[in-house]
Amino acid sequence: MAEVKTKEEPRIGVFVCHCGTNIAGSVDVKAVVEYARKLPNVAVADDYQYMCSTPGQNKIRDAIKEHNLTGVVVAACSPRLHEPTFRGATKMGGLNPFRFEMANIREQNSWVHMHQPEEATAKAKDAIRIAVAKAALLEDLVPKSVPVEKAAMVVGGGVGGMQAALDLANAGIKTYLVEKNPTIGGRMSQLDKTFPTLDCSQCILTPKMVDVYRNENIELLTYTEVEAVEGYIGNFDVTLRKKARGVLTTEEAEARGYVGGGCNGCGDCEGVCPVIKPNPFEVGMAPRKAIYIYHPQVSPLLYTVDFDACVKCGLCVDICGDKKAIDLNATDEFMNVKVGTVILATGYDIFPIEEKTEWGYKRYDNVITSLEFERLICASGPTGGHLVRPSDGETPKRIGFVLCAGSRDNTGVGKPYCSRFCCMYSLKHAHQIIEKIPGAVPYIFYMDIRSFGKMYEEFYYRIQNEGAKFIRGRVANILEDPVTKNLHVNAEDTLLGRPVDVEVDLVVLAAAIQPSAETERTRRLFGVSCSQDGWLLEAHPKLNPCGTTTAGVYLAGVCQGPKDIPDTVAQAEGAASAASIPIHLGEVELEPYFAQCIEEKCAGCGLCVNLCPYSALALVEKDGRRVMQVTEAKCKGCGTCGGFCPGGAIWMQHFATPQIIAQIDAFLLGGEE
Amino acid sequence: MADENWKPKILAIICNWCSYAGADLAGGSRIQYPPDIRAIRVMCTGRIDPLFILKAFQDGADGVLVSGCHFGDCHYLEGNYKAAKRMFLLKTVLKNIGFEDKRLRMTFVSASEGAKWATVIEDVVKTIKDLGPSPLNKEIAR
């Protein structure tokens, strides 16, 4: 706490890591150790090949005992990587783990100054001097345990979100599955077949949807969005907006006293509704009424009023009759839920490929996207599964597939990344037209075929043998014959080394994907970072791909980056497992970086109270005057209060003002001659 | 303009969640940048008391860089806004007392912007090298 901290003289141990040649390749470790030995308060300095290894950690443990250390400095990689490791080693030696400070001489030194050994060595010396200055002032801290709410939330009801919710629920955890659309199912419900097994997408998806709907531990909240989030791991307080649906469930109808009423999905309302608008589920290729179900296999089976389109004529209300299921005056409702952990599974949207003007999407009738192809080839789609040319309704025979349409695109218009599943679904599309349309020839324009998954390469061979034509070259442009509405696909065949002009009846663009429109808003609500492309940022790209830097929030599926269905489901199961751990433990430890009030300095001005974004601070009466008081469970340790207290009365544990000033002084005043 | 071999002393105070992670990413990606910056990590730029920066200048720092999350991305919701307000105010104060306010810089680098971190450091080092040693630098004054 705030009082006099160091009764004993500080005795610091400094341990410098070689990290093989990662550090020692640029930094003169021996010279750094020699330098560290002479620093004030340093009792011992040592080096080792790999400080994070067991012998390395044992060195720390033994030195603490042997030299009666009060603090430990390890100069190695980033504290974001190994701080927990070395805190553990510090604890093994009998010291409080928060008596440890790390000097980053790898990520922020040896790796970024690889060819400047002198400067890198000087920088490492400075970094250690700064760390030693802080270590000398560190104090014992105890993490705070908080109970974890025995419930979880999954945001997004696609296949990833459903799988995560099922796993959590089957592990005995009450799970809220929040979906913005009127039904769960997500993108997968729009697909016809799935590669490489050619399973019917709906056939394998709908059982899962039913499982979700029937699971007693899952509270399914469709047509619902996250409105606000408060709290932290173990205790998220989430406000949800239940959008006005205009249609009552049986339970809701009964609550209003209409026993036996509520929507049974008969569809009479849809029949009489006079309003017609494009159906987004069919990518605008079919009509939809203002009262609708999203697709025939929706779960829950419950109609929804599109209040943007509804003219409130009341015909639906009349025909619904005694069921009294329709309420055209419905408004959005809000509900609060408390959960311990959250999984985000917000999925993707299709990149607006018309922005790549050279391919003529939305200019030429017969240029479609692969999602439109999925709907056209699907038996439940607008054409009953008959692939047709939009211009004349004829069956196309020659079909061009443009891969990497907007993906792997560094022109600034498209996306620089690989969307990862377009190669495979385009192979599947090629197979489907060969199967369905006698004499049809698919022309696949590709950069590379990325068939990386299990049985994918075999599927690629199969499609090659079925007669698909593969042309390796990026499509330069597509031109329409104004009379026939056929398309000329112009590309360079880079294997033959010559330009080609292929006349086709239909072009299918394998458009890139991008984070769904709601991703940005949702991630900000939950305090999750994103990568440069807008995909949500995992805690570690390799070793923690389901976690985020916000404790208690996890990621599943494409929202973290493009992936196909098996990878999405696998990550969802991983996220569910990770999200269930704190709930099963029942309590979590919070890092004790809390603000503390130094009451003799506090003037009771209350400036800090308004600065705190978490309402963790309050003014209280004490000994006849007002002083600030911290609610530790609410304090997240940002230090925004401590950065502004005019009297210096706020002690930020582990980032206290004297500690930071000591670091600044050590850097600027304590250097070598 | 100082001589070629002059090595400026530049302090960076950076937040744990965005800029420190971005700097780590620059390292992981082996993006090379000038070695003239020494970084201190805080959990949030909101922690930065303007007095820290004045103390650094008093100690002879030639430049101070404060770097946090982009607006709207703060791990603590709004610490970076508050930090930015303080830095604006502090820059005005510095200017008014005749101290080049360019020696203080605030940037926003996210955890995924390793390349941007390197660019920021290059730019900050160049700015400070162009300005030359701080008038408060005791070594020069001596």
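Worth knowing before you read on, the calculation uses all heavy atoms, side chains too, and leaves out hydrogens, waters and symmetry mates. Labels below follow one simple rule: chain letters A, B, ... track the order of the sequence lines, proteins then strands, and each chain is numbered from 1. Just so you know, these numbers come straight off a predicted model, no measurement behind them.
- A salt bridge links A:Asp665 with B:Lys55: the closest approach of a Lys/Arg side-chain nitrogen to an acidic carboxylate oxygen falls below 4.0 angstrom.
- Interface check for chain A: of the options B:Cys74, B:Ala118, B:Ala111, B:Gly27, the most heavy-atom pairs under 4.5 Å are formed by B:Gly27.
- Taking all atoms of both residues into account, the shortest heavy-atom contact from B:Val64 to B:Phe57 is CG2-CZ, 3.8 Å.
- Salt-bridge annotation for A:Lys123 and A:Glu119: absent, with no side-chain N of the basic residue lying under 4.0 Å from a carboxylate O of the acidic one.
- Within 6.0 Å of CZ on B:Phe88 lie no more than 12 heavy atoms contributed by other residues, nucleotides or ligands.
- Neither the backbone nor the side chain of A:Leu81 has a heavy atom closer than 4.5 Å to any heavy atom of chain B.
- Looking at B:Ala21, both its backbone and its side chain come within 4.5 Å of chain A, counting heavy atoms on both sides.
- When heavy atoms are compared at a cutoff of 4.5 Å, A:Cys530 approaches chain B solely by way of its backbone atoms N, CA, C and O.
- With a 4.5 angstrom heavy-atom cutoff, A:Leu537 touches chain B only via side-chain atoms.
- For chain B, the nearby parts of A:Thr657 are the backbone and the side chain; heavy atoms of each come within less than 4.5 Å.
- Only the side chain of A:Tyr593 comes within contact range of chain B, with heavy atoms under 4.5 Å apart.
- Considering only heavy-atom pairs separated by less than 4.5 Å from chain B, the leading option among A:Asn109, A:Val528, A:Asp533, A:Leu611 is A:Leu611.
- Chosen from B:Glu113, B:Glu78, B:Arg41, the residue pairing most often with chain A at heavy-atom distances under 4.5 Å is B:Arg41.
- With a 4.5 Å cut-off on non-hydrogen atoms, A:Arg523 touches chain B through its side chain but not through its backbone.
- Salt bridge status for B:Lys129 with B:Asp62: absent, with no side-chain N to carboxylate O gap under 4.0 Å.
- Chosen from A:Gly648, A:Gly527, A:Ser78, the residue pairing most often with chain B at heavy-atom distances under 4.5 Å is A:Ser78.
- Heavy atoms closer than 4.5 Å to chain A are found in the backbone of B:Ile10, but not in its side chain.
- Residue with the most contacts toward chain A among B:Ser29, B:Gly28, B:Ala23, B:Gly79: B:Ala23 (heavy-atom pairs, distance under 4.5 Å).
- Both the backbone and the side chain of B:Leu11 have a heavy atom closer than 4.5 Å to some heavy atom of chain A.
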Exercise for the section: Could you walk me through whether B:Ser110 and A:Ser529 pass side-chain contact (heavy atoms from CB on, under 4.5 Å), step by step? Expected result: CA-CA 8 Å; B:Ser110 83; A:Ser529 303; over 6 Å; no
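- In this structure, the portion of A:Ala656 lying under 4.5 Å from any heavy atom of chain B is its backbone and not its side chain.
- The part of B:Ile37 that comes within reach of chain A is its backbone (N, CA, C, O), which places non-hydrogen atoms under 4.5 angstrom from that chain.
- With a 4.5 Å cut-off on non-hydrogen atoms, B:Leu77 touches chain A through its backbone and its side chain both.
- With A:Phe594 as the aromatic partner, A:Lys636 does not meet the cation-pi criteria of under 6.0 angstrom to the ring centre and within 45 degrees of the ring axis.
- For the set A:Cys77, A:Cys638, A:Gly642, the entry with the most heavy-atom pairs within less than 4.5 Å of chain B is A:Cys638.
- Ionic pairing of A:Glu518 and A:Arg521 is not present here: no N-O contact between side-chain nitrogen and carboxylate oxygen is shorter than 4.0 angstrom.
- Using a 4.5 Å cut-off between heavy atoms, A:Gln116 touches chain B through its side chain atoms alone.
- At a 4.5 Å heavy-atom cutoff, B:Asp36 makes no contact with chain A through either its backbone or its side chain.
- Pairing each heavy atom of A:Ala666 with each of A:Ile130, the nearest pair is CB-CA, 4.0 Å.
- Per-residue counts of heavy-atom pairs under 4.5 Å with chain B were compared for A:His113, A:Gln532, A:Glu107; the largest is that of A:His113.
- Between B:Arg38 and A:Asp126 a salt bridge is recorded (basic side-chain N to carboxylate O distance below 4.0 Å).
- Note: A:Phe100 and A:Phe86 have tilted aromatic rings, judged against thresholds of 30 and 60 degrees for the angle between ring planes.
- Using a 4.0 Å cut-off between a side-chain N of Lys or Arg and a carboxylate O of Asp or Glu, A:Arg524 and B:Asp73 qualify as a salt bridge.
- By the 6.0 Å contact criterion, CD on A:Glu118 is open, its count of non-hydrogen atoms from other residues, nucleotides or ligands being 12 or less.
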